[in-house]
Amino acid sequence: MKNICLASLALAVALGSGAAFAQSIQPAQPAQAAGAAAPRSIDQADVFMGLCQQPQNRDACVMYFAGFTNGALVQSLIDKQHPRYCVPQNINRGDQLAAVMAWMKVNPQDLLGPTAAAVYKALIGTYPCR
């Protein structure tokens with residue numbers, strides 16, 4: 001029971017840090033008229049990729065990525081599932097993010113959906129478990 005509580009707490013912290021990041025680097029949007037399209041969000045993979053290619057956003061993107069990967073790990077522990085991707089221990093978060101961004105560049109069809117889905121597919125594609 002204690003492990004489940006700790007895992008749930010870790011998941012909440014990871015998701016909370018991702019949400020805080022998403023709000024902190026929203027692209028500037030002009031005021032909208034009634035009936036106009038919703039503003040673009042970091043929750044869209046193409047926006048995430050565009051922002052994370054800018055050097056001034058690197059640290060924030062690495063934090064977002066760390067929150068995402070920690071949340072995915074915690075979820076696999078809660079569900080008692082084997083991880084769907086296996087990152088070697090000697091690769092830091094910045095290098096992991098760079099590899100994911102490279103995967104996303106060659107798989108642009110995944111940039112049309114949610115950031116979480118694109119990052120998850122990129123992690124599975126980049127770091128498959130053997």
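Counting only residues at least two apart or on different chains, no salt bridge (Lys or Arg N to Asp or Glu O under 4.0 Å) pair has a member in residues 70-79. The salt bridge (Lys or Arg N to Asp or Glu O under 4.0 Å) pairs that include a residue from residues 98-108 number zero, where partners must be two or more places apart or lie in different chains. Among residues at least two apart or in separate chains, disulfide (SG to SG under 2.5 Å) pairs with a member in residues 92-130 are Cys86-Cys129.
Applying the side chain to side chain contact (heavy atoms under 4.5 Å, CB included) criterion to Leu97, with sequence neighbours excluded, gives Phe48, Cys61, Val62, Phe65, Met101. Scored by the side chain to side chain contact (heavy atoms under 4.5 Å, CB included) test, Asp95 finds Ile91, Asn92 as partners (sequence neighbours excluded).
Separation of atoms CD (Gln109) and CE (Met104) is listed at 10.5 Å; rounding is to 0.5 Å. The CG atom of Asp59 sits 14.5 Å away from the CZ atom of Arg93 when rounded to the nearest 0.5 Å.
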Mind listing the side-chain donor-acceptor pairs of residues 113-127 below 3.5 Å, one per line with the distance, residues two or more places apart or on another chain?
from	atom 1	to	atom 2	distance (Å)
Thr115	OG1	Ile42	O	2.6
Thr115	OG1	Asp43	O	3.2
Thr115	OG1	Gln44	N	3.4
Thr115	OG1	Gln44	O	3.2
Thr115	OG1	Ala45	N	3.3
Lys121	NZ	Asp110	OD1	3.0
Thr126	OG1	Ala122	O	2.7

